[in-house]
Amino acid sequence: MQDKDLRRYSSVVVDGDEQASSRAMLRAVGFTDADFKRPQIGIASTWAMTTPCNMHINDLATEAAAGADEAGGKGVVFNTMTISDGISMGTPGMRYSLVSREIIADSIESVTAGEGFDGLVAIGGCDKNMPACVMAMARLNRPAVFVYGGTIKPGANRRDIVSVFEAVGAKSSGAISDDELLEVEQTAIPGPGACGGMYTANTMASAIEALGMSLANSSAQEAVSQQKKDDCRRAGEAVVELIRKDIKPLDILTRKAFENAIAVVIALGGSTNAVLHLIAMAREANVPLTIDDFTEIGARTPVLADLKPSGKYLMSELIEIGGIQPLMKRMLDHGLLHGDCLTVTGKTLAENLSDVADYPAGQDIVRDFDNPIKPDSHLSILYGNLAPEGAVGKITGKEGLRFQGTARVFHSEELALQAILDGEIEAGHVVVIRYEGPKGAPGMREMLSPTGAIMGKGLGADVALITDGRFSGGSHGFVIGHVTPEAAVGGPIALVENGDTIVIDAQSKEISLKISDEELAARRAAWRRPPSSVKTGALAKYRNEVSSASEGAVTIPPEWDA
């Protein structure tokens with residue numbers, strides 16, 4: 001390719017007498033004469049001291065920029081924002097978490113397009129900024145590589161953030177003391193990195209690697225490690241090579257690639273948030289993907305990895321035996337992955353996996369196909385008169401596959417949590433938390449605080465929880481989220497009353513409110529949406545634009561729906 005072909009976008013910004021002012025500005029930030037002839041690589045850093053997930057990412061961004069420079073490009077680091085789910089959890093601030101996915105995608109798109117970068121490396125370390133990075137890459141369709149910031153090291157006694165949430169419930173039930181709760185709080189988070197189980201961050205990192213947008217094992221490296229630094233440097237080199245080969249995200253983000261990502265998420269026992277984020281990412285790539293695809297792929301894909309929250313092991317322990325690459329090799333050999341998908345290496349998935357060694361003998365983190373944790377998906381897409389447009393359950397089978405109970409209804413997460421901690425929730429109850437959907441919150445908060453309290457009180461097998469909000473990847477138990485239509489638009493979840501019988505059946509894929517159609521119609525006629533305190537700002541804009549959870553909670557309609 002000619003020099004200018006490698007600088008398809010930056011040449012417009014820096015070439016010619018008329019762009020002397022642009023060059024003058026860039027000289028001030030360190031450009032030399034030679035740099036103006038190099039392809040410019042934007043390095044999107046999601047660094048922030050708001051969360052341990054991202055506190056180290058500027059150092060990683062520096063490594064990625066160095067890799068781009070060594071490969072013949074010019075790395076330019078820029079920043080975007082992030083919000084900590086773990087810190088905002090259970091507070092009004094959590095409303096901004098899912099909203100931040102759109103803001104981050106918008107900001108990466110805006111800087112990359114506005115500055116004329118020819119390629120992009122984006123480094124994400126927390127739940128929403130990772131899908132946001134890929135959403136921006138799909139919009140821009142310029143050569144790009146995603147890098148995961150890496151998982152946190154285990155805390156004392158193999159603790160992590162979910163240990164803290166569950167300890168709160170244990171303390172409220174008298175199972176542990178104030179001093180024991182404090183000790184858990186002080187030791188669960190030892191330093192930088194994303195939450196340590198197969199929660200949303202590690203789920204999405206694995207999904208993005210399976211999509212082909214990350215280099216091998218980017219999802220399976222600790223945040224504080226030489227391997228992660230090397231991963232960043234190689235990503236900077238790789239994006240320059242992608243520019244030379246003219247390989248762009250939409251060449252990689254195909255329907256088959258998304259099917260691969262779904263299958264890997266299921267095999268790992270990943271977060272329900274993957275449903276929301278993969279649909280949103282697919283829509284940015286103009287790839288038709290719906291919640292029903294998770295059912296179809298899930299019918300043939302077993303859960304194989306015994307990882308927290310419902311399992312035994314942490315991501316660091318999976319890293320020790322080889323990460324997700326051996327699992328993907330096994331899945332490819334069993335016909336569960338499409339090997340012909342292109343990846344950011346410039347090779348196909350099958351080519352990347354051809355020399356991957358299997359897991360060491362005797363390990364029990366990833367099971368064999370003849371001994372799965374669950375023979376089909378733990379992600380259950382449920383329908384019924386309570387969720388006519390679908391809901392997402394995370395049911396591993398350890399909780400049972402069917403639950404029938406009596407509704408206890410709450411109009412917010414805070415009210416439900418207080419009732420749980422006060423001992424008002426008992427075996428046989430179905431906790432219903434509503435007006436927490438994309439429009440209702442607004443922002444679709446996660447319910448880790450109430451689910452953690454339920455588990456901490458020892459009620460995980462005896463109490464179900466349903467919501468039009470969503471769950472942290474750390475939630476487990478008999479939990480159903482993403483109920484659509486949501487309460488704020490008059491969905492049936494808005495019509496549930498205390499004492500109603502609710503049936504959740506993961507085998508028949510049904511979630512039902514056991515009242516007559518006539519009674520449901522009468523309640524609907526009498527329903528009025530409660531007023532919202534949100535009148536202005538980002539939350540109000542989001543509420544006006546956002547689609548339902550079953551459509552990915554996106555704010556721009558896809559072309560293929562037009």
Side-chain angles (χ1 to χ4, degrees), residues 9 42 44 46 80-82 97-114 117 119-124 126-148 200 203-214 239 242 247-262 264-265 271 273-294 341-344 438 443-444 470 482 541-542 545-562:
Y9 301 98
T46 57
T80 183
M81 50 85 76
T82 197
S97 171
L98 187 58
V99 177
S100 75
R101 186 188 71 183
E102 312 305 304
I103 297 171
I104 294 164
D106 290 349
S107 68
I108 294 174
E109 174 198 352
S110 298
V111 174
T112 301
F117 296 141
L120 176 66
V121 175
I123 309 172
C126 202
D127 299 8
K128 309 309 165 301
N129 56 51
M130 290 192 284
C133 289
V134 177
M135 290 164 70
M137 290 171 175
R139 293 178 192 174
L140 292 158
N141 201 31
R142 303 180 189 189
V145 177
F146 174 79
V147 177
Y148 178 37
T200 303
T203 297
M204 292 314 301
S206 301
I208 294 168
E209 183 174 328
L211 276 171
M213 289 301 298
S214 296
V239 77
L242 289 173
I247 296 174
K248 298 183 288 294
L250 296 188
D251 299 321
I252 296 168
L253 295 172
T254 63
R255 166 72 189 202
K256 285 183 176 181
F258 279 98
E259 290 179 0
N260 286 346
I262 292 171
V264 168
V265 166
S271 168
N273 279 318
V275 179
L276 199 71
H277 295 324
L278 284 169
I279 290 174
M281 291 154 62
R283 289 191 167 219
E284 297 286 2
N286 204 31
V287 172
L289 194 73
T290 72
I291 56 175
D292 295 328
D293 291 311
F294 287 80
C341 290
L342 186 63
T343 73
V344 292
M444 203 179 181
R470 58 196 176 89
H482 307 204
K541 289 192 287 186
Y542 183 82
E545 298 170 357
V546 69
S547 68
S548 80
S550 63
E551 296 174 334
V554 295
T555 54
I556 299 175
E559 291 180 19
W560 56 268
D561 256 359

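The analysis underlying the following values was restricted to heavy atoms, covering all of them including side chains, and did not include hydrogens, waters or symmetry mates.
- Ile104 contributes atom CD1, which lies 8.5 Å from atom SG of Cys126 (distance to the nearest 0.5 angstrom).
- In this structure, Leu276 and Arg101 have side chains that are in contact, with non-hydrogen atoms separated by less than 4.5 Å.
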### Query
Going through the distances and angles, do Leu253 and Met213 end up as a side chain to side chain contact (heavy atoms under 4.5 Å, CB included)?
CA-CA 8 Å; Leu253 295 172; Met213 289 301 298; 3.7 Å; yes
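- Residues Lys128 and Ser100 share a closest heavy-atom pair of CB-OG, 3.7 Å.
- Take Glu102 and apply the salt bridge (Lys or Arg N to Asp or Glu O under 4.0 Å) test, not counting sequence neighbours, and it matches no residue.
- The side-chain heavy atoms of Ile247 and Leu342, taken from C-beta on, include a pair separated by under 4.5 Å.
- Contact of the Leu120 side chain with the Val239 side chain is not registered, since no non-hydrogen atoms from C-beta on lie closer than 4.5 Å.
- The shortest side-chain heavy-atom distance between Leu278 and Phe258 falls under the 4.5 Å cut-off.
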What do the steps show when you test Thr203 against Asn273 for side chain to side chain contact (heavy atoms under 4.5 Å, CB included), and what is the final call? CA-CA 9 Å; Thr203 297; Asn273 279 318; over 6 Å; no
TODO: For the pair Val546 and Met444, evaluate side chain to side chain contact (heavy atoms under 4.5 Å, CB included) and give the outcome as yes or no after the intermediate values.
DONE: CA-CA 11 Å; Val546 69; Met444 203 179 181; over 6 Å; no
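- With sequence neighbours excluded, no residue forms a salt bridge (Lys or Arg N to Asp or Glu O under 4.0 Å) with Asp251.
- Contact detail for Arg470 and Ser97: the closest heavy-atom pair is NH2-OG, 3.3 Å.
- Sparse packing is recorded around NZ of Lys256, with 12 or fewer heavy atoms of other residues, nucleotides or ligands lying under 6.0 Å away.
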Scan the side chains in residues 130-138 for donor-acceptor partners under 3.5 Å anywhere in the protein, sequence neighbours excluded, and list what turns up.
none

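- Heavy-atom minimum distance, Ile279 versus Ser550: CD1-O, 3.9 Å.
- At a threshold of 4.5 Å between non-hydrogen side-chain atoms, the residues Thr200 and His277 count as touching.
- With sequence neighbours excluded, no residue satisfies side chain to side chain donor-acceptor pair (under 3.5 Å) with Ser547.
- In this structure, OH on Tyr148 lies 13.5 Å from CD1 on Ile123, to the nearest 0.5 angstrom.
- Across every non-hydrogen atom of Leu211 and Ala261, the tightest pair is CG-CB, 3.9 Å.
- Closest approach of Ala549 to His482, counting heavy atoms only: CB-CB, 4.0 Å.
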Show your working on side chain to side chain donor-acceptor pair (under 3.5 Å) between Thr80 and Ser107 and close with a plain yes or no. CA-CA 7 Å; Thr80 183; Ser107 68; 2.6 Å; yes
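- In this structure Glu284 satisfies the salt bridge (Lys or Arg N to Asp or Glu O under 4.0 Å) test together with Arg139, sequence neighbours excluded.
- For the pair Asp293 and Arg255, the minimum side-chain heavy-atom distance is below 4.5 Å.
- Using a 4.5 Å cut-off on side-chain heavy atoms (C-beta onward), Leu289 and Ile262 make contact.
- The structure places CG of Asn129 at 12.5 Å from CD1 of Ile103, a figure rounded to the nearest 0.5 Å.
- Take Phe117 and apply the ring-ring contact (aromatic ring centres under 6.0 Å, His included) test, not counting sequence neighbours, and it matches Phe78.
- The shortest side-chain heavy-atom distance between Val344 and Ile252 falls under the 4.5 Å cut-off.
- Considering every non-hydrogen atom in both Ala207 and Val265, the closest pair reads CB-CG2, 3.7 Å.
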In sequence, state the C-alpha distance, the side-chain angles, and the governing distance for Tyr542 and Leu98, and then conclude on side chain to side chain contact (heavy atoms under 4.5 Å, CB included). CA-CA 10 Å; Tyr542 183 82; Leu98 187 58; 3.4 Å; yes
